[in-house]
Amino acid sequence: MALTGMQIFKLLPKTNCKECGVPTCLAFAMNLASGKAELDSCPYVSDEARAQLEEAAAPPIRQVALGKGVRAAKTGGETVLYRHEKTFYNPTLIAGLITADTAADDVAKTLTDWHALQYERVGLNLRPELVAVKDVSGDAAAFAAVAKQVAETSEFNIILMSEDAAVMEAAVAACGFKRPLLYAATAANVEAIGKLALDNNLPLAVKADSIDGLVELTTTLTGMGLKDLVLDPGSREVKQGIEDMIALRRAALKDGNRALGFPTIAFPCEMAGNTDMEALVAGMYISKYGGIVVLSNLTTEALFPLLLERLNIYTDPQRPMTVTEGIYEIGTPDENSPVLVTTNFALTYFIVSGEIEASKVSSWLLIKDSEGLSVLTAWAAGKFSGDDVGLFVKKSGIADKVKHTELIIPGYAASIVADVEEELPGWTITVGPREAAHLPGFLKAR
Amino acid sequence: MAFEIKKEAYTGGIKTISIGKGDSAVTVGGETCYPFYTFEGDMPNKPLIAMEIWDMEPTDWAEAALVPFKDVVADPAAWAKKCVDEYGAEAIVLQLKSIDPNDRDASPQSAAETVKKVLDAVSVPVIVWGCAAPTKDEEVMKVVAEVCQNKNLLLGPVEEKNYKGIAAAAMGYGHSLIASSPIDVNLAKQINILLENFGMPMDRVVVDPTTGGLGYGMEYSYSVMERLSMAAMSQGDDKLQYPMINNLGNEVWKCKEAKESAEDAPLLGDPEKRAILMEAVGAVAYLLCGSNILIMRHPEAIRLAKEYIKAMIA
Ligand code: B12
Ligand code: SF4
C-alpha cells in the first residue's frame, strides 16, 4: 500500500535541514508521496525508516524477470483488476511443453518448428517466449540434457518442471545461465528447492492445492530470503481455475496480501481433453490474470489467435498504437507514383501499407496525425476532416516529389472530398475503395 | 486464518429477457455477478450462442466457413434448418445483407418474406440483423415486424437515428430490440434512455456495444463491456442493466487472417483450423467480458465455445 505524505513525514528526521532541496521535511514527504522526489535525496533517513518506506513503495504484485537473451521477459507487476483502469503491463507468457524423455533429434525438430512461429503485426513481432521441460521419470541426466539442449540451441527461455530437488539441481547446472523458472516448490520439497533457487538466484514457482497452501509456502520461502516467486494454486478445471486467479489478483491488489503478491502460472495442458480446448482455456487465462500459460504443444493455428488476444488485452487503453506523421515510401515510388492518404493509427497504417505492398504498385503513402484513430473514428471525431487533410497534404512536401496532382483518399472518407478540393486547388481527389483488401485490385487497374 | 476471497459488493444485476415465443422461447441475462463469477453471485441463464445465416448467398466467405453450408447457402430457410437440425443451434441470426443500399438494395417486402420463411422453418428464436444503414434498416424492420407479428423476434441494430420507427413497430407487433452504439458507455446509456422515454418496454431490450474482431479492435469492445457490467452491477446504474449481444462471427471472419489460404499464408497453417480457433478464442474473451448472446458462424467454433460454457457453469 502506498503511504500518504503525512505517513512518510512521520518517518523523516524532521530537522528541516533543506539538503534535499526543499525547505522542509514535510514538503519533501509530499513530493515523495506524489512520486516527485527520490528517497536518496535525503541523507539522514534512518535504515529502519528506509526499510519501511521501501516496503511500502514495493508494487502490490512483484514483477519477476525470466530468462536471458532476446526472449527474456517479465511477468507480474500488475496494478489493476480491469485493463481500462490503467493498463495490463506484462503480457501473459506462453510456453510449450517438452518432456525429458524426448529424443534429442525430436527436441531439435520441435525447437526448429517452434522458432518459426513468429508473426509480424502492427510493427511488433508476436511470438511465444518459453519452453517448459518436464521431468517424467526422475532421470536427472535425461532432464538436464533436454534443458541444456533447449538453453543452448534455441532462443527460448525455460521452465524446469520437477518436484525432485536432486533432479532439478542437475538441470540448473546445465541451463542456469539462462535464468530458468524452477517449477515447483511444494509442501514436500520446499526447503530443498527453495535453497536451490536461492543459491542460484533463480525465480521459483510455488505449487499448492489451495490458496491457503500457497500462503504457507510463500511465507516460508520469503522467510528464507526468496523474492522472485510465481504462484500455482493447483486448480486444474476451468471454473476453479478462474476463481483462483480472481482471488489471487484481488488479494494482492485489494487486501495488500504480501504473501500472494506474485505473478501466476497456469496449465491449460493439464486442463483440457484436446489441443483445441486447451487453446480456449489459455485464452481464458490471457483475459483473467494468467502470468504464464503452459500449452502441451505450440501449433500455429492455436498460437496465432492467442497472440492476437494477448496483443489486444495488453494494449494500453490510454494510448492507441500510432505511427509518425509523414510521407512513407512503399516500394520504390517515383514522380509518377500514386499518392494515398490515411490516418496514423498503427493498425490502419499496417493494413493499408501491407495491401499496397501486395499490389506491387510502388506508392507514396501519406500518414496524417489523427491521434491514433482509425479512418471512420477519426472522421467522426473531427481529426480527419477535409480542411485538415488538405492542409496536411499541402504542408507535407509531397508536391515536390511528384509531377501529378492526384490524391487518393479512403473510401470511408468519401464525404470529405469537397473540403479537400477546396483546400488543395488544382488537385484531383479520387475516392479509393472502402476496404484496404480491395486496394491491390484498385491500384493495378489504374 | 483461512484464506477468503475478497468479494465484490454488487448493488445491481442484469435484467432477464426472453426472445422467441411459446415453447421455443429462450431467456438470457439475469446475472447478479460479473460474467461467470458464480462464487459471489448467480448466473441463472447460460450465454446463448446464436448461429449466423445470410439472406443472400455470401460471395466473400472463407472456404472454411462455407464448407459446412455449401448445400444450403442459396436458401436461407434450409440454411436455418440445417443449423438447428445438424448443429443444434439454440437461436438463428438472419443477417439481412441483401438490403444494403450500397449493395443489392433489396426491398423491405422481400426481406420480410425471407424472415418469415426462416421463422417457419425452425423452432428456435430468430434474431434479425439489418445492414447498419439506419434509414434502410428502419424501413425494413417496420415491414418485418408487421409480417411476423407477435413472434417476439429480436430486431436490430437500433440506433439514435432510427429508434422511433423500429421501436414503434416492435411495440405494436410484439418484438424485442437490440440497442446499438459505437463502443461507448455514455452512448449505450443514451440509446437505452431514448427507448425507455419513447415507451419501449425495457424487458425487451438487449444492448449491442459494437463488436471488434480478434486483433482488430477487440480490446475496445472488451473494455467497454467490462465498464458496462461494472456500471450495471457495482454502481447500480439501472439504465445499463441489460443483456449484451455481440455480432462476433461477422467480425472475425471478415479479417484477412481468417480468409487467407494455406498458400497465401503458409506460416498460419491450416486455414480451417486457424479461423475456427480465431472465432472460438474470440468467443471466450467476449464471454468473459459479459456477452449474453454471441453470434457465431462456424459449427466447430460454436461447439468449442459451448463446451467451454458448459465447463464454466458446471
Ligand atoms: C474501435 C473503434 C473506436 C475506438 C477507437 C479506435 C481507434 N484507435 O481508432 C474508440 C472506442 C476510441 C472509438 C471512438 C469513437 N467512435 Co468508433 N469505432 C471503432 C470501430 C469498432 C472499429 C474501428 C477500427 O479500429 N477499425 C479498423 C481500422 C483498420 O479501420 P480503418 O482505419 O477504417 O481502415 C480501413 C479502411 O478505412 C481502409 N483504409 C484505411 N486507410 C485507407 C486509405 C486509402 C487510400 C484507402 C483506399 C483505404 C483505406 O483500410 C482499412 C482496412 O480495410 C468502428 C466500427 C467498425 N467496425 O469499423 C467504430 C466507428 C468508426 N466509431 C464511430 C464513432 C461514431 C465513434 C465516436 C465518435 C463515438 C464515441 N464513442 O464517442 C468516437 C470518436 C473518437 C473520439 N471522440 O475520441 C462510428 C463512426 C460512424 C460514422 N460513419 O461516422 C463507427 C463506424 C461505429 C458505428 N457503426 O457507428 N471508436
Ligand atoms: S534532507 Fe531530509 S532531513 Fe533534511 S529537510 Fe530534507 S527530508 Fe528533512
Side-chain angles (χ1 to χ4, degrees), chain A residues 82-84 116-119 121-122 210-212 214-215 237-239 242-244 246-247 250-251 254-255 257 260 271-272 276-277 279-284 286-288 299-309 311-315 317 347 351 354-355 374 376-377 380 434-437, chain B residues 1-8 34 36-40 60 102 182-183 212-220 222-224 226-227 230 252 254 256-257 259 267-285 287-289 300 303-305 307-308 311-314:
Chain A
Y82 305 98
R83 58 186 292 285
H84 67 261
L117 302 175
Q118 303 190 38
Y119 313 88
R121 211 186 149 81
V122 290
S210 67
I211 294 181
D212 278 318
L214 281 180
V215 172
E237 44 98 9
V238 289
K239 198 175 168 196
I242 195 171
E243 179 178 339
D244 284 349
I246 296 161
R250 282 186 186 168
K254 299 291 167 202
D255 284 338
N257 187 334
L260 298 172
M271 299 174 71
D276 291 353
M277 261 328 270
L280 272 69
V281 175
M284 170 180 91
I286 289 172
S287 285
K288 289 288 172 187
T299 63
T300 188
E301 292 88 352
L303 186 63
F304 179 68
L306 291 174
L307 289 169
L308 285 186
E309 186 197 351
L311 176 70
N312 280 168
I313 299 290
Y314 280 84
T315 292
L347 185 60
I351 293 174
E355 294 295 348
S374 77
L376 266 179
T377 320
R434 293 171 143 215
E435 297 298 331
Chain B
M1 199 175 62
F3 176 81
E4 263 179 54
I5 187 166
K6 185 173 177 72
K7 294 201 173 144
E8 177 81 32
Y34 292 153
F36 302 101
Y37 283 34
T38 44
F39 49 85
E40 59 187 12
D60 60 348
N102 296 313
I183 320 196
L214 188 65
Y216 288 86
M218 182 185 79
E219 68 271 36
Y220 296 101
Y222 184 93
S223 282
V224 159
E226 284 198 331
R227 290 174 58 200
M230 292 172 90
V252 167
K254 92 176 168 207
K256 183 167 146 201
E257 292 87 351
K259 284 187 182 173
L267 176 60
L268 295 181
D270 177 40
E272 184 180 18
K273 177 155 249 184
R274 171 217 314 156
I276 287 170
L277 287 177
M278 284 176 71
E279 190 177 17
V281 167
V284 169
L287 288 167
L288 290 175
C289 66
E300 178 58 14
R303 194 190 63 76
L304 287 167
E307 198 181 312
Y308 174 75
M312 287 291 277
I313 57 177

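By convention in this document, chain letters (A, B, ...) are assigned in the order of the sequence lines, proteins followed by strands, and residues within each chain are numbered from 1.
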Q) Charged N to carboxylate O under 4.0 angstrom, A/E243 versus A/K239? A) no
Q) Got a sec, which residues hit side chain to side chain donor-acceptor pair (under 3.5 Å) with B/Y216, two or more places apart in sequence or on another chain? A) B/E257
Quick one: what part of [X] sits under 4.5 Å from any heavy atom of chain B, side chain, backbone, both or neither?
X      : value
A/E435 : neither
A/I286 : neither
A/S287 : both
A/L280 : both

Just so I know, are the side chains of [X] and [Y] near enough to count as touching, which here means a heavy-atom distance under 4.5 Å?
X      : Y      : value
B/E8   : B/Y37  : no
A/M284 : B/M312 : yes
A/L260 : A/L214 : yes
B/M218 : A/I313 : yes
A/L303 : A/Y119 : yes

Q. Is a side-chain donor or acceptor of A/D212 paired with a backbone partner of B/A2 at a separation under 3.5 angstrom?
A. no
Q: Mark yes or no for whether A/R121, through its side chain, and B/G215, through its backbone, hold a donor-acceptor pair below 3.5 Å.
A: yes
Pick from [options] with the largest number of heavy-atom pairs that fall under 4.5 Å of chain A:
options                        : result
B/R274, B/K259, B/E300, B/K256 : B/R274
B/P182, B/C289, B/G269         : B/G269
B/V284, B/L268, B/L288, B/V224 : B/L268
B/L304, B/V252, B/I276, B/I183 : B/L304
B/G212, B/A285, B/A305, B/S223 : B/S223

Looking only at heavy atoms and a cut-off of under 4.5 Å, which of [options] has the most pairs with chain B?
options                        : value
A/L347, A/T315, A/N312         : A/N312
A/M277, A/K288, A/E301, A/Q118 : A/E301
A/D276, A/I351, A/L311         : A/D276

In terms of heavy-atom proximity below 4.5 Å to chain A, should [X] be classed as side chain, backbone, both, or neither?
X      : answer
B/A275 : neither
B/A314 : backbone
B/Y308 : both
B/E272 : neither

Q.
Using 30° and 60° as the class boundaries, would you call the ring planes of A/Y82 and A/H84 parallel, tilted or perpendicular?
A. parallel
